[in-house]
**Q** 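The following block contains the structure, expressed as structure tokens.
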Amino acid sequence: IGISTQGVYDNKEMTSRLKVPYDVLSDEKLTLSNELNIPTFSVKSKIYLKRITLIVDNKIIKKVFYPINDFNKHIEEVLKWLKEN
């Protein structure tokens, strides 16, 4: 599941246009982001989430991947961790 600081309407448009194959939740009010202390950045006073991967099992965060610099290598890293754990 993806999380975005954009509103529901913007998320629907983006996922449709880019053919995103997973759900993207709106955290427009930054409730979850603040609760989990997810790193952010801003552009023209709009706050965005930095790329981060959380492995969650039964409401427990098992693993945090941050920072993510090379997305292609990151996918391999996550898959390796999942296989080993």
Side-chain angles (χ1 to χ4, degrees):
I1 297 172
I3 302 172
S4 169
T5 58
Q6 295 178 308
V8 173
Y9 175 80
D10 291 329
N11 280 345
K12 285 183 180 182
E13 184 280 325
M14 179 266 302
T15 56
S16 176
R17 177 174 37 86
L18 298 176
K19 297 181 174 127
V20 176
Y22 50 83
D23 293 329
V24 177
L25 303 176
S26 173
D27 190 22
E28 191 172 15
K29 295 180 182 177
L30 300 174
T31 305
L32 180 65
S33 305
N34 288 333
E35 191 69 30
L36 295 178
N37 199 28
I38 294 174
T40 62
F41 66 98
S42 61
V43 175
K44 295 183 181 180
S45 74
K46 175 67 178 156
I47 297 173
Y48 298 94
L49 304 177
K50 289 189 177 182
R51 189 170 285 179
I52 185 171
T53 298
L54 305 173
I55 306 296
V56 181
D57 183 28
N58 291 322
K59 301 180 184 179
I60 297 171
I61 298 172
K62 300 287 189 171
K63 175 72 174 166
V64 176
F65 292 92
Y66 180 80
I68 299 169
N69 299 313
D70 184 333
F71 191 70
N72 291 323
K73 288 181 182 177
H74 174 63
I75 293 169
E76 294 171 9
E77 180 183 21
V78 171
L79 291 173
K80 180 180 181 218
W81 188 90
L82 288 170
K83 287 177 186 176
E84 293 175 354
N85 296 278

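Positions are given from 1, in the same order as the sequence printed here. Atoms considered below: every heavy atom in the structure, side chains included; atoms not considered: hydrogens, waters and symmetry mates.
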**Q** State which residues pass salt bridge (Lys or Arg N to Asp or Glu O under 4.0 Å) with Glu84; sequence neighbours excluded, sorted by chain then number.
**A**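 Glu84 satisfies salt bridge (Lys or Arg N to Asp or Glu O under 4.0 Å) with Lys80 only.
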
**Q** For the NZ atom on Lys46, are there more than 12 heavy atoms of other groups (residues, nucleotides or ligands in this structure) within a distance under 6.0 Å?
**A**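 More than 12 within 6.0 Å, yes.
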
**Q** Only distances under 3.5 Å count here; give the side-chain donor-acceptor pairs of residues 51-65 to other protein atoms, sequence neighbours excluded, each with its distance to 0.1 Å.
**A**
| residue | atom | partner | partner atom | Å |
| --- | --- | --- | --- | --- |
| Thr53 | OG1 | His74 | NE2 | 2.7 |

**Q** Kindly write out the residues that satisfy side-chain contact (heavy atoms from CB on, under 4.5 Å) with Leu49, not counting sequence neighbours, or none if the list is empty.
**A**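 Once residues adjacent in sequence are excluded, the partners of Leu49 under the side-chain contact (heavy atoms from CB on, under 4.5 Å) criterion are Ile3, Thr5, Ser33, Ile38, Thr40.
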
**Q** More than 12 heavy atoms of other residues, nucleotides or ligands under 6.0 Å from CD1 of Ile1: is that the case?
**A**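 Incorrect, the count does not exceed 12.
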
**Q** What's in the same ILVMFWY side-chain cluster as Leu30, cut-off under 4.5 Å, chained through other members?
**A**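 Once heavy-atom contacts under 4.5 Å are chained together, Leu30 belongs with Ile47.
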
**Q** Considering only distance and modelled atom types, tabulate donor-acceptor pairs under 3.5 Å from the side chains of residues 7-25, sequence neighbours left out.
**A**
| residue | atom | partner | partner atom | Å |
| --- | --- | --- | --- | --- |
| Asn11 | OD1 | Ser4 | OG | 3.2 |
| Glu13 | OE1 | Arg17 | NH2 | 3.2 |
| Glu13 | OE2 | Arg17 | NE | 2.7 |
| Thr15 | OG1 | Asn11 | O | 2.9 |
| Thr15 | OG1 | Lys12 | O | 3.2 |

**Q** Can you tell me which residue pairs pass the ring pair (Phe, Tyr, Trp, His ring centres under 6.0 Å) test with a partner in residues 29-62, sequence neighbours excluded?
**A**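 Only Phe41-Tyr48 qualify under ring pair (Phe, Tyr, Trp, His ring centres under 6.0 Å).
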
**Q** When clusters are formed by joining ILVMFWY residues with side-chain heavy atoms under 4.5 Å apart, either directly or through shared neighbours, do Ile75 and Val78 land in the same one?
**A**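 No; Val78 is not reachable from Ile75 via cluster members.
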
